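For reference, the structure is listed below as structure tokens.
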Amino acid sequence: AGQAKVWMCQDQGRAVGSVTAVPHRVWTRDRCTLGYRVQDVLTHPEYRGKSIYRTLSEECYAFLDDEENGVHFTFPNENSDRVFRTSRWFPIGEIPLWSAKPLAPKTRYEPLKNFELVDSFTNRDYEVWQSFRTSGLIGLDKSADFLNWKYFKNPRVKYKCYRIAYKEWRAVLILKKFR
């Protein structure tokens, strides 16, 4: 959806903190607008406690405040949640954290019924995504090309992606990240 905006703090040319805002096409009901997802909020461990994170974040938020029609969002972790909440951000919903025990080595696991391992996303998958993004409060525009780049061509992270057919649902995509 465009170029990311990056705020960085350096100490003698060494990067010691950053905040990134990545543009997305965001849908709110049936209206599309440009919004930014704040991510990669980092401070080098040796520089923590010096308000670098807060200073960079406030610079980012000033930029976002000027984007008056935008719908901006983030997925804070336990280290960043407090700063977002004290900076006028508010939760619109909670995302549950799921964890599972590691699979036992050399154990054969039977595939679940109605699940299909996929190696690429199609326009049909995009249509499912598109139908669900307009039914809620907020949704992101993710084309099949973007989904394929993110989950199959990404050199940094490996994913296994599944499609499920269930009753009246055409498809549900389940993404599992493996390190």
Side-chain angles (χ1 to χ4, degrees), residues 1-99 121 125-126 129-130 132-159 161 173-179:
Q3 290 187 345
K5 310 295 183 195
V6 180
W7 292 264
M8 183 169 287
C9 178
Q10 296 182 345
D11 182 13
Q12 299 178 10
R14 178 182 178 203
V16 298
S18 72
V19 172
T20 304
V22 178
H24 289 271
R25 286 183 300 276
V26 181
W27 288 83
T28 55
R29 306 257 188 251
D30 60 351
R31 186 180 133 240
C32 185
T33 187
L34 183 67
Y36 286 87
R37 175 172 47 110
V38 177
Q39 65 180 55
D40 295 340
V41 179
L42 307 168
T43 303
H44 190 283
E46 294 173 14
Y47 290 81
R48 292 186 181 150
K50 300 179 185 308
S51 296
I52 292 171
Y53 170 50
R54 180 163 296 280
T55 301
L56 291 174
S57 295
E58 292 300 330
E59 290 291 325
C60 172
Y61 305 156
F63 163 78
L64 297 178
D65 286 345
D66 285 344
E67 300 286 313
E68 63 185 58
N69 294 321
V71 176
H72 312 302
F73 60 101
T74 188
F75 300 100
N77 61 31
E78 63 278 356
N79 295 324
S80 61
D81 184 72
R82 183 180 50 82
V83 173
F84 282 104
R85 289 179 190 261
T86 60
S87 298
R88 301 181 319 275
W89 287 72
F90 58 92
I92 60 169
E94 299 295 328
I95 297 176
L97 174 63
W98 292 53
S99 64
F121 292 109
D125 296 314
Y126 173 69
W129 187 287
Q130 190 176 24
F132 279 99
R133 73 151 192 253
T134 58
S135 64
L137 176 63
I138 188 171
L140 302 180
D141 196 7
K142 304 285 188 180
S143 68
D145 287 340
F146 174 84
L147 293 170
N148 285 319
W149 170 82
K150 171 81 174 166
Y151 297 108
F152 296 113
K153 297 176 184 172
N154 185 341
R156 298 186 316 166
V157 182
K158 299 290 181 204
Y159 290 88
C161 301
L173 304 177
I174 300 174
L175 309 172
K176 292 293 222 175
K177 180 164 113 175
F178 294 90
R179 294 183 191 259

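Worth saying up front: this structure is predicted, and the values here are computed from it rather than measured.
- For CD of Q10, the number of neighbouring non-hydrogen atoms (other residues, nucleotides, ligands) closer than 6.0 Å is greater than 12.
- Separation of atoms CD1 (I52) and CE (M8) is listed at 12.0 Å; rounding is to 0.5 Å.
- Under the 30°/60° scheme for interplanar angles, the aromatic rings of F63 and W7 are found to be tilted.
- Considering every non-hydrogen atom in both Y47 and V16, the closest pair reads CE1-CG1, 3.3 Å.
- Looking at every heavy atom in both residues, Q39 comes nearest to V22 through CD-CG2, 3.6 Å.
- When all heavy atoms of T43 and Y53 are compared, the closest pair comes out as OG1-CB, 3.5 Å.
- Residues T55 and C9 have side chains not in contact (no heavy-atom distance under 4.5 Å, counting atoms from C-beta outward).
- Note that the NE2 atom of H24 and the CG atom of L34 stand 9.5 Å from one another [nearest 0.5 Å].
- Between W149 and F146, the ring planes are tilted. Angles from 30° to 60° get that label.
- Relative ring orientation between H72 and Y36 is described as tilted, the plane-to-plane angle lying within the 30° to 60° band.
- In terms of heavy-atom proximity, C60 sits nearest to V38 at SG-CG2, 4.0 Å.
- V19 is not listed as a side-chain neighbour of E59, based on a closest heavy-atom distance of 4.5 Å or more.
- For the atom pair CG (L64) and CZ (F73), the distance works out to 11.0 Å, reported to the nearest 0.5 Å.
- L56 and G17 make their closest contact through CD1-C, 3.4 Å (heavy atoms, listed as atom of the first residue, atom of the second, distance).
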